[in-house]
Amino acid sequence: MTCQEAERLVTPYIRDELTGDELEAFLNHIDECPNCREELEIYFMVDVGLRQLDHDSGTYDIAGDLEHKIEESYLKVSHMWMFRMFRYAVSTLSVMAVIVTALLQFRIWFF
Ligand SMILES: [Zn+2]
């Protein structure tokens, strides 16, 4: 992912609008690229700051909140992969079950 692509995803990220794959690519980029990480922090602060003005919710740990959001995003990505692996395992097992059933059937027919 290029910086330009990452920048385009900053706002959707803050609004939780990214798909699992976009989220993973975005997190990887943010992890390696201090510039985009900084951009995310600025956008996040502005976004949270504006919402805070709306609700007047007093003091608020913005940096900690972003940290927390990023941690949650990592969890989301790992859940996505676990789900994909599970789905892969299930489809592999069902293909194997079909093959075994067919082999048993052939054995009954031909031996
Ligand atoms: Zn970047």
Side-chain angles (χ1 to χ4, degrees):
M1 177 176 281
T2 65
C3 288
Q4 221 172 6
E5 284 170 318
E7 274 167 38
R8 215 162 36 80
L9 296 180
V10 166
T11 309
Y13 173 72
I14 291 168
R15 295 185 182 151
D16 290 319
E17 290 168 357
L18 296 185
T19 66
D21 288 311
E22 284 173 331
L23 190 62
E24 187 181 24
F26 183 73
L27 288 175
N28 284 340
H29 186 86
I30 291 300
D31 203 38
E32 290 163 7
C33 178
N35 289 337
C36 289
R37 168 86 193 208
E38 205 179 292
E39 185 124 271
L40 171 63
E41 277 165 19
I42 292 165
Y43 271 80
F44 189 75
M45 266 181 236
V46 170
D47 194 72
V48 170
L50 287 176
R51 264 184 288 152
Q52 214 182 323
L53 282 179
D54 281 347
H55 301 293
D56 194 33
S57 53
T59 49
Y60 190 60
D61 178 14
I62 293 177
D65 202 50
L66 178 60
E67 216 52 55
H68 184 69
K69 187 179 173 67
I70 290 173
E71 260 168 47
E72 262 179 13
S73 304
Y74 273 110
L75 258 166
K76 230 186 259 182
V77 168
S78 68
H79 282 164
M80 173 185 82
W81 279 108
M82 273 193 304
F83 178 70
R84 278 185 186 172
M85 261 156 18
F86 177 73
R87 213 170 42 183
Y88 176 75
V90 167
S91 62
T92 308
L93 282 177
S94 46
V95 168
M96 272 162 59
V98 168
I99 291 170
V100 167
T101 310
L103 286 175
L104 289 174
Q105 195 62 51
F106 279 128
R107 216 176 60 157
I108 292 165
W109 285 339
F110 297 111
F111 298 101

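Counting begins at 1 with the first residue of the sequence. As the structure lists them, so they are numbered: ligands from 1, and atoms in each ligand from 1.
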Taken in chain and number order and not counting sequence neighbours, the residues that satisfy side-chain contact (heavy atoms from CB on, under 4.5 Å) with His79 are Leu75, Met82

Which of the protein's N, O or S atoms come within less than 2.8 Å of the Zn ion (ligand 1), not counting waters? Cys3 SG, His29 NE2, Cys33 SG, Cys36 SG

Find out whether Val10 and Phe44 are in side-chain contact, i.e. whether some heavy atom of one side chain is under 4.5 Å from a heavy atom of the other. no

Which residues pass the side chain to side chain donor-acceptor pair (under 3.5 Å) test with Lys76, sequence neighbours left out? none

I'd like to know whether CZ of Phe83 has more than 12 heavy-atom contacts from other residues, nucleotides or ligands below 6.0 angstrom. no

Which residues share a salt bridge (charged side-chain N to carboxylate O under 4.0 Å, His left out) with Arg8, sequence neighbours left out: none

Looking at Met1, is its backbone amide N or carbonyl O close enough to the side chain of His29 to form a donor-acceptor pair, meaning the two atoms are under 3.5 Å apart? yes

